[in-house]
Number of protein chains: 2
Amino acid sequence: MAKTIELHVEERKRGTRCCESLLKLQFDVEEARQLSTDLQALAHPVRLRILDILASNEGVVCVCDLQETLPVKQPTISHHLKLLRDAGLIDCERQGLWAYYFIRRDVLRELGTRVTQGLKALM
Amino acid sequence: MAKTIELHVEERKRGTRCCESLLKLQFDVEEARQLSTDLQALAHPVRLRILDILASNEGVVCVCDLQETLPVKQPTISHHLKLLRDAGLIDCERQGLWAYYFIRRDVLRELGTRVTQGLKALM
DNA sequence: AGAACGTATTGACAATCTTCGATGCATATG
DNA sequence: CATATGCATCGAAGATTGTCAATACGTTCT
């Protein structure tokens, strides 16, 4: 059970020096790193909008469609697509000249679960 | 309903040039930015671990406690604390020499809801 | 084969983020 | 008052990320 601040202050006044308390934790270092990696993959407006577009227009989205909507140039879009692909969140299928991108809902769901569980642990 | 890739390719072959399709969206620009800001606030291992510690040791955590546990120096911890404070996710109460930090579960819950809802929209 | 097109990659630059020594500030203690 | 302590801030350095012009690559169409 959590001690009160007042008790804590008293202990410290009595000479129990600062920082001897063993803190309780829920995440280990690796979990925190993983969760951070998950969040990083999502934490950019362009990437979020790409995911939104892919989620809402399944099967018919090529890079030039994205170019039309997003406020960045084509190499930048390709760059963010690559990051999302590396994270496993999207994939693509080439049809002639075009690359049709799609969302991998299974992977996104796993990530979503990790994020939601992680947040729940803090509340 | 989503068109198939094949139909899309056919249309483009017939001369309907690329990129005339109006994409469907769920997020507007502002929502994407907000969600990205929310995710950024969390997307660092040290900040996640700070939140974890504050969530698990309510009321008795001062900066030197964090220093004991985290792999970065005091100014860096203060820096991350400031970012979290600016995001509204934590706050502190000074008692003499010490600053006792605590988590603002209400704000965290709001952020968690936005994140969870945002993710759900993509699935 | 050659031209046109959609996309990926490269390379350079700019912006942002992370870290920490040095320092300042406020409070407590002798 | 002088000193010690805990924390915040400043300023600089390094690392990472985001952006885009230029270019390369593979495909399609003449």
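To find a chain, count down the sequence lines: A is the first, B the second, and so on, and within it residues start at 1. All heavy atoms count here, side chains included; hydrogens, waters and symmetry mates do not.
In this view, A:Glu110 and A:Arg114 satisfy the side-chain contact (heavy atoms from CB on, under 4.5 Å) rule, not counting sequence neighbours. Listed by chain and number, the residues in a salt bridge (charged side-chain N to carboxylate O under 4.0 Å, His left out) with A:Arg105 are A:Glu58 (sequence neighbours excluded). Residues satisfying the salt bridge (charged side-chain N to carboxylate O under 4.0 Å, His left out) criterion with B:Lys73, sequence neighbours excluded, are absent altogether. In this view, B:Lys120 and B:Thr116, B:Gln117 satisfy the side-chain contact (heavy atoms from CB on, under 4.5 Å) rule, not counting sequence neighbours. Residues meeting the salt bridge (charged side-chain N to carboxylate O under 4.0 Å, His left out) test with A:Arg33, sequence neighbours left out: A:Glu30. In terms of the side-chain hydrogen bond (donor to acceptor under 3.5 Å, both in side chains) criterion, residue partners of A:Gln74 (sequence neighbours excluded) are, by chain and number, A:Ser78.
Protein atom CD of A:Glu93 is 19 Å distant from nucleotide atom P of C:dG6, rounded to whole Å. With rounding to whole Å, A:Asp65 atom CG is found 13 Å from C:dT7 atom C1'. If you measure from atom CD of B:Gln95 to atom P of C:dA26, you get 18 Å, rounded to the nearest angstrom. Rounded to whole Å, atom P of D:dG18 lies 14 Å from atom NZ of A:Lys82. Atom CH2 in B:Trp98 sits about 17 Å away from atom P in D:dA4, given to the nearest Å. Computed from coordinates, the A:Ile77 CD1 to D:dC20 C1' distance equals 12 Å when rounded to whole Å. A straight line from CZ of B:Arg94 to C1' of D:dT5 spans 11 Å, rounded to a whole angstrom. If you take CG of B:Leu97 and P of C:dT29, they are 8 Å apart, rounded to a whole angstrom.
For the helix from C:dA1-D:dT30 to C:dG30-D:dC1, the axis fitted to the five pairs at one end and the axis fitted to the five pairs at the other end meet at an angle of 10° (nearest 10 degrees).
OP1 or OP2 of C:dA8 sits under 4.0 Å from a side-chain N or O of A:Tyr101.
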May I have the step-by-step check of side chain to side chain contact (heavy atoms under 4.5 Å, CB included) for B:Tyr101 and B:Val63, ending in yes or no? CA-CA 8 Å; B:Tyr101 276 84; B:Val63 177; 3.7 Å; yes
Walk me through whether B:Phe102 and B:Val61 qualify under side chain to side chain contact (heavy atoms under 4.5 Å, CB included). CA-CA 7 Å; B:Phe102 54 91; B:Val61 181; over 6 Å; no
Mind listing the N/O atom pairs, protein and nucleotides 17-24 of chain C, below 3.5 Å?
{"unit_1": "C:dT18", "atom_1": "OP2", "unit_2": "B:Arg47", "atom_2": "NH1", "d": "3.4"}
{"unit_1": "C:dT19", "atom_1": "OP2", "unit_2": "B:His80", "atom_2": "NE2", "d": "2.7"}
{"unit_1": "C:dC20", "atom_1": "OP2", "unit_2": "B:Lys73", "atom_2": "N", "d": "2.9"}
{"unit_1": "C:dC20", "atom_1": "OP2", "unit_2": "B:Thr76", "atom_2": "OG1", "d": "3.2"}

Run the side-chain donor-acceptor check on residues 43-54 of chain B: report pairs under 3.5 Å with partners two or more places apart or on a different chain.
{"unit_1": "B:His44", "atom_1": "ND1", "unit_2": "B:Val46", "atom_2": "N", "d": "3.0"}
{"unit_1": "B:Arg47", "atom_1": "NE", "unit_2": "B:Ala41", "atom_2": "O", "d": "2.8"}
{"unit_1": "B:Arg47", "atom_1": "NH1", "unit_2": "B:His80", "atom_2": "ND1", "d": "3.1"}
{"unit_1": "B:Arg47", "atom_1": "NH2", "unit_2": "B:Gln40", "atom_2": "O", "d": "3.1"}
{"unit_1": "B:Asp52", "atom_1": "OD1", "unit_2": "A:Gln26", "atom_2": "N", "d": "3.1"}
{"unit_1": "B:Asp52", "atom_1": "OD1", "unit_2": "B:Ser56", "atom_2": "OG", "d": "3.2"}
{"unit_1": "B:Asp52", "atom_1": "OD2", "unit_2": "A:Gln26", "atom_2": "N", "d": "2.9"}
{"unit_1": "B:Asp52", "atom_1": "OD2", "unit_2": "A:Phe27", "atom_2": "N", "d": "2.8"}

